[in-house]
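Written below as structure tokens is the structure these notes are about.
In what follows, every heavy atom counts, from backbone to side chain, and hydrogens, waters and symmetry copies are set aside. Sequence lines set the chain letters: A, B, ... in the order given, protein chains first and strands last, and positions in each chain run from 1.
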2 protein chains.
Amino acid sequence: MRRGKPNDPGRRSRILEATLDVIRTDGISAVSYRGVAAHAEVPLGSMTYYFPTLEGLILSALDSTRSDLEPRYAAPLRGARTPADVVDALVDATIGSTSPSLTDIRLYEEIRHYGARDPKVAAVLQAVEDDALAMLQPVVPTSIALAINALLWGWWSHRLAHPDTSLDEATVRRPYEAIVALAGPDHPFQAEGLNDG
Amino acid sequence: MRRGKPNDPGRRSRILEATLDVIRTDGISAVSYRGVAAHAEVPLGSMTYYFPTLEGLILSALDSTRSDLEPRYAAPLRGARTPADVVDALVDATIGSTSPSLTDIRLYEEIRHYGARDPKVAAVLQAVEDDALAMLQPVVPTSIALAINALLWGWWSHRLAHPDTSLDEATVRRPYEAIVALAGPDHPFQAEGLNDG
DNA sequence: TCCAGGTGTGTACCATCGTACGCACTAGTG
DNA sequence: CACTAGTGCGTACGATGGTACACACCTGGA
């Protein structure tokens, strides 16, 4: 039995979007009920109605990014058939068309920052990383996948710290090549790649 | 003409140390005059006396870490004579004896986080990174030094996100080897190293 | 039409915090 | 000893923000 009508069904998601906007612009620590309410153009009472606690709001907002972050650089990696494809995908995810914008890196950094102290967010991060590792699994051994993840995050972090300078493609590509090559010809993927060629 | 006596000369630096403690534990956003005052066991009035603005306090605290961070992994790198030495130093800085503790990584992460929005802190970061690049300069070309920095930060960041798991040494070492090897035998350093051997 | 219960909101309370400011204390100087 | 200027600190004010809560509104049923 459903009584009373929600007179603005999209309100909840609009609040989440506004929250992410605030996080992107001023960071998680700047998230307040009042600020987000003003940004989303909803009354303060709506905020506490949909999100009784502020932490719940932040958690929901961060969690809602998972579906955005994951496919962006996941898809190209899934399609990779040769080591060269993998390197291409990585370079692209670092500085190319599939790479996150500076504001998105900032957002991701906010999540990591928050996750360093909040176990629930840490779990979300863990899930994202596990996905990334699983995706690299058929391509390189886990230990190398870890290094690739570390380097990718390092590059993104570099971009964030140096917004004015741009990274040369070769600068990014060669270290990826070197690391991917560590998998060596014995890794199953390599044989498959050779069969294709 | 100096009148009035400072009845606790070490107070200023004690405040700075307490500030860093708070940052390490709860993050920069948790830094408040009152909290730090309680932690340092000084009256609130002392805080505003030594540090008229909160931002000034934070900036001073962060800046005071520069002298600590720099020599830690700088010294081993300076002493490196062969590519193998460099790799050793990097591995050590990542997971070994010269590597920062988890709380120190957290602190460094706080600085980066804050620096993403505060130009003055960004300048401090820039200086530290410039030092690191300069130190790697005689060893590898700049582009590779950038990759090394990115990977090092990526590993540290990984440790922060996975406090319970420990990184295998080979996992860390091999990617460093691969990247350092990119410098190739034409790089001046290599010749010097061969002469030594 | 009247009732009930869920939806949505305005308001107010209380805690926290940065900051200003006046006052006390100290130690040189005449 | 009195005076003065710098040092150090307790207190209070104004702003901000999370949260509780009473209240208005809407819908479906009796």
Side-chain angles (χ1 to χ4, degrees), chain A residues 1-63 110 113-114 117-118 120-121, chain B residues 1-63 110 113-114 117-118 120-121:
Chain A
M1 187 190 333
R2 168 91 165 56
R3 300 196 186 167
K5 77 149 193 249
N7 60 8
D8 186 357
R11 177 158 297 188
R12 194 190 136 95
S13 57
R14 200 139 43 81
I15 291 175
L16 285 178
E17 202 46 56
T19 304
L20 286 179
D21 271 359
V22 172
I23 294 177
R24 272 186 275 255
T25 310
D26 299 321
I28 289 184
S29 61
V31 172
S32 73
Y33 274 138
R34 286 172 174 82
V36 173
H39 197 75
E41 293 180 331
V42 300
L44 175 60
S46 281
M47 299 294 300
T48 63
Y49 176 71
Y50 288 106
F51 303 95
T53 76
L54 190 66
E55 188 185 348
L57 169 63
I58 293 174
L59 253 52
S60 300
L62 296 188
D63 196 66
E110 289 287 338
H113 183 77
Y114 199 74
R117 287 192 178 82
D118 186 306
K120 291 186 187 162
V121 174
Chain B
M1 187 192 329
R2 167 91 167 53
R3 301 196 184 170
K5 79 148 190 256
N7 59 7
D8 186 356
R11 177 157 297 190
R12 192 190 137 94
S13 57
R14 200 139 44 83
I15 290 175
L16 285 178
E17 201 47 55
T19 305
L20 288 179
D21 271 358
V22 172
I23 294 178
R24 273 187 274 254
T25 310
D26 298 322
I28 288 184
S29 61
V31 171
S32 72
Y33 276 138
R34 286 174 175 81
V36 173
H39 197 77
E41 295 180 328
V42 300
L44 175 61
S46 280
M47 299 295 299
T48 64
Y49 176 71
Y50 287 106
F51 302 97
T53 77
L54 190 66
E55 189 186 346
L57 169 63
I58 293 173
L59 253 52
S60 301
L62 296 188
D63 196 66
E110 289 288 336
H113 184 77
Y114 199 75
R117 288 193 176 81
D118 186 307
K120 290 188 187 162
V121 175

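Residue B/L54 contributes atom CG, which lies 6 Å from atom P of C/dT19 at whole-angstrom precision. The nearest whole Å value for the distance from the CG atom in B/L44 to the P atom in C/dA20 is 13 Å. Taking atom CD1 on B/I58 and atom P on C/dT19, their separation rounds to 10 Å, with Å as the unit. Between the CD1 atom of B/I15 and the P atom of D/dG8 there is a distance of 10 Å, rounded to whole Å. The distance between atom CZ of A/R11 and atom P of C/dG8, rounded to the nearest whole Å, is 8 Å. The distance from atom CG of A/L57 to atom P of D/dT19 is 11 Å, rounded to the nearest whole Å. Taking atom CE of residue A/M47 and atom P of nucleotide D/dT16, one finds them 18 Å apart after rounding to whole Å. Distance, A/Y33 OH to D/dT16 P: 19 Å, rounded to whole Å.
Contact record, B/T25 with A/R117: O-NE, 3.1 Å, taken as the closest heavy-atom pair. Shown here for A/A61 and A/L16, the closest heavy-atom pair between the two residues is N-CD2, 3.6 Å.
Here the nucleotide nearest the side chain of A/Y49, chosen from D/dT19, D/dG8, C/dT9, is C/dT9.
For a distance-only test at 3.5 Å, the side chain of A/R34 qualifies as a donor-acceptor partner of the base of D/dG18.
Inter-residue side-chain proximity for A/Y114 and A/L59 is flagged as met; some heavy-atom pair is nearer than 4.5 Å.
A salt bridge is defined here as a Lys NZ or Arg NE, NH1 or NH2 lying under 4.0 Å from an Asp or Glu carboxylate O, and A/R24 with A/E17 meets this definition.
In this structure, B/V36 reaches neither bases nor backbone, as no heavy-atom distance under 4.0 Å exists between it and the strands shown. Backbone-only contact: A/S32 has heavy atoms under 4.0 Å from sugar-phosphate atoms and none from a base.
If you find the closest nucleotide of DNA chain C to B/V31 and to A/G45, the one lying nearer the 5' end belongs to A/G45.
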